[in-house]
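Everything below concerns the one structure shown next.
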Amino acid sequence: MKQKVQITIDGKTIDLDVLEASEGNNVVDVRGLISEGIFTFDPGFLSTASCESKITYIDGDNGVLMYRGYPIEQLASNSNHLEVCYLLLNGELPTSDQYQAFEASIKEKQFIDKNFQNIFNGFTQGAHPMSMVGAAVSGLASLYHEETDIANADDRMTTAHRLIAMIPTLAAMAYKHGRGESFVEPDPSLGYAENFLNMCFGETGKPSAVSKTIADAMDRIFILHADHEQNASTSTVRMAGSTECNPYAAISAGISALWGPSHGGANEAVLTMLQEIGDVSRVGEYVKKAKDKDDPFKLMGFGHRVYKNFDPRATVMEESCKAVLAELGVEDEPLLQIANALEKIAREDEYFIERKLYPNIDFYSGITLKAVGIPTELFTVIFTLGRMPGWITHWNEMLSAPYKIARPRQLYLGEHKRDFVAMSDRG
Ligand code: CMC
């Protein structure tokens, strides 16, 4: 029998349906409340489901993350990022023919219009690459606006392929511009992660010198970041997309939301924090700061809105991180020693245990990226690259079914009506 919830307001009882989830929490359908003149209040969406979705499932209490039903651990061990992109976009793992066709489509779309590349010249050399990447992705709208009909499923899929194909090229261009170096063209003979690394660290005309260990670690990082249901940046993409704006603009909005240190910017913030700590002997002092309510400092790379036991991406990333460090022989690097000490103290501290604050993916991805020699300013760009299939799949899912413009309400606490006072009469 269908579950119902009743609420009574001013003596009137209202029945609300409970919608059943295929996994996890059912939700109370409050849509009918508006006709009763009632709004719900949930700042930060702590207990609000903003949409229906069939893409990704998270069980935060038990540390479960699945893309289209496949556990993240299995995908990280057996798949590659392009296959995961296909899975997210299409709902099923590809056959060999489907994979080849998808890969060919991505490789053919990696190149960026020569004239458009001038967009980077508008940025100073020291500009943060996230700023450049956000602007460049938004700028792609200028190239494809006329040929993108968001009501057309084929156009939406072409957009998805373009964005997955172009984001590594744009990210590498932003990085190269920041360093005053010339761009390296995409190389379709290379794998997705290797091509990205070669465009960042290679030179035009020279064969790729990217090590397999590093390319594999990068591909894994992309898989682990590929989607995370209704997080802040994905919700931003859905919200912007619900206005029916150009998809490149909607994705660019998501990139902006990702940049913050509470979200994708945390991987960069982890490194900045470790550098600021500077020495193992100061770890205790920083843990104390993080616990001090009068100090806004937080331990970067710890805690998560949804995971209250462990972050399954962090478990996979930790494994990958240790393997990479061992292979590179850099386990003794001072920054890594600080990270280890910090993790140990925080895991044993009552404050962190009580609040269920565990190292999240950004803690280990930051350390791994640093160990393989990726400059800190590129960390969040790498998250952006990984998250692209998730954003575009959510945008496509939203537009494939009836949707409404996202338009939250508010609890108004401002002034009551009052009359304008001329400036000469103001106290
Ligand atoms: N260091 C110290 N205290 C913390 C931390 C932290 N990193 N995170 C949460 N707390 C405390 C917080 O002060 C609060 O304490 P109290 O109950 O005494 O007021 C309690 O833990 C609950 O925290 P919250 O702020 O209500 O939790 P939230 O769900 O709103 O925020 C978060 C989640 C990820 C924004 C937050 O934990 C944080 O800022 N962490 C550091 C930044 C970070 O690593 N972000 C990456 C998240 S994973 C990547 C991604 O998916 O975006």
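Ligands are counted one by one from 1 in listed order, and the atoms in each one are counted from 1 as well.
When only non-hydrogen protein atoms are considered, atom 36 (C) of ligand 1 lies nearest to K298 NZ, 4.2 Å. Protein heavy atom closest to atom 45 (N) of ligand 1, with residue, atom name and distance, is S262 O, 3.2 Å. Counting protein heavy atoms only, atom 13 (O) of ligand 1 is closest to K293 NZ, 3.3 Å. Nearest non-hydrogen protein atom to atom 5 (C) of ligand 1 is L357 CD1, 3.8 Å. For atom 3 (N) of ligand 1, the nearest protein heavy atom (residue, atom name, distance) is Y351 OH, 2.9 Å. Atom 47 (C) of ligand 1 has its closest protein heavy atom at N360 ND2, 3.6 Å. Of the protein's non-hydrogen atoms, R305 NE, 2.8 Å is the one closest to atom 29 (O) of ligand 1. From the protein, the heavy atom lying nearest to atom 41 (C) of ligand 1 is F302 O, 3.4 Å.
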Checklist entry - Should Y86 and Y99 be marked as a ring pair (Phe, Tyr, Trp, His ring centres under 6.0 Å) after you check the CA-CA gap, both sets of side-chain angles, and the distance that decides it? => result CA-CA 8 Å; Y86 183 98; Y99 180 79; 7.9 Å; no
Does the pair R238 and E397 meet the rule for a salt bridge (Lys or Arg N to Asp or Glu O under 4.0 Å), with working shown? CA-CA 9 Å; R238 279 186 179 259; E397 182 182 66; 2.6 Å; yes
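R282 places a side-chain N or O within donor-acceptor distance of the main-chain N or O of I277, the cut-off being under 3.5 Å. Side-chain atoms of Y192 come within 3.5 Å of backbone atoms of I164 as a donor-acceptor pair (strictly under, hydrogens ignored).
Residue G301 has at least one heavy-atom neighbour below 4.0 Å for each of these atoms of ligand 1: 43 (C), 44 (O). Residue-ligand proximity, A290 to ligand 1, at heavy-atom distances under 4.0 Å covers atoms 2 (C). Near R355, the atoms of ligand 1 lying under 4.0 angstrom from a non-hydrogen atom of the residue are 11 (C), 15 (O), 16 (P), 17 (O), 18 (O), 20 (C), 21 (O). Atoms of ligand 1 lying under 4.0 Å from any heavy atom of A266, numbered from 1 in the order shown and given with element: 43 (C), 44 (O), 45 (N), 46 (C). Atom numbering of ligand 1 starts at 1 in the shown order; those under 4.0 Å from a heavy atom of D362 are 46 (C), 48 (S), 49 (C). For ligand 1, the atoms sitting less than 4.0 Å from at least one non-hydrogen atom of G303 are 34 (C), 37 (O), numbered in the order shown with element in parentheses.
Side-chain contact annotation: S233 with N231, donor-acceptor N/O pair under 3.5 Å present. Looking only at atom types and distance, the side chain of D15 has a donor-acceptor partner in the side chain of Q6 under 3.5 Å away. Side-chain atoms of E194 and S208 form a donor-acceptor pair, as typed in the model, at a separation below 3.5 Å.
Shown here, atom 27 (O) of ligand 1 is out of close reach of the protein: none of its heavy atoms lies under 4.0 Å off. Protein heavy atoms are found inside the 4.0 Å sphere centred on atom 18 (O) of ligand 1. The presence of a protein heavy atom under 4.0 Å from atom 34 (C) of ligand 1 is confirmed. Distance check on atom 23 (O) of ligand 1: every protein heavy atom falls at or beyond the 4.0 Å cut-off. There is a protein heavy atom less than 4.0 angstrom from atom 10 (N) of ligand 1.
Between L299 and ligand 1, at least one pair of N/O atoms sits closer than 3.5 Å.
Ring geometry for H263 against F383 counts as perpendicular: the plane angle is over 60°, on a 0 to 90° scale with 30° as the lower cut. Under the 30°/60° scheme for interplanar angles, the aromatic rings of H177 and F120 are found to be tilted. Aromatic ring orientation, F102 versus H161: perpendicular (interplanar angle above 60°, classes split at 30° and 60°).
Residue H394 forms a side chain to side chain contact (heavy atoms under 4.5 Å, CB included) with just one option from D227, V237, L88, and that option is D227.
Of the heavy atoms in P261, only backbone atoms (N, CA, C, O) come closer than 4.0 Å to ligand 1. At a heavy-atom distance under 4.0 Å, no atom of K356 approaches ligand 1.
Put simply, part of R313 is less than 4.0 Å from ligand 1, judged by heavy atoms.
The residues D295 and K289 are annotated as salt-bridged, a charged nitrogen and a carboxylate oxygen being separated by less than 4.0 angstrom.
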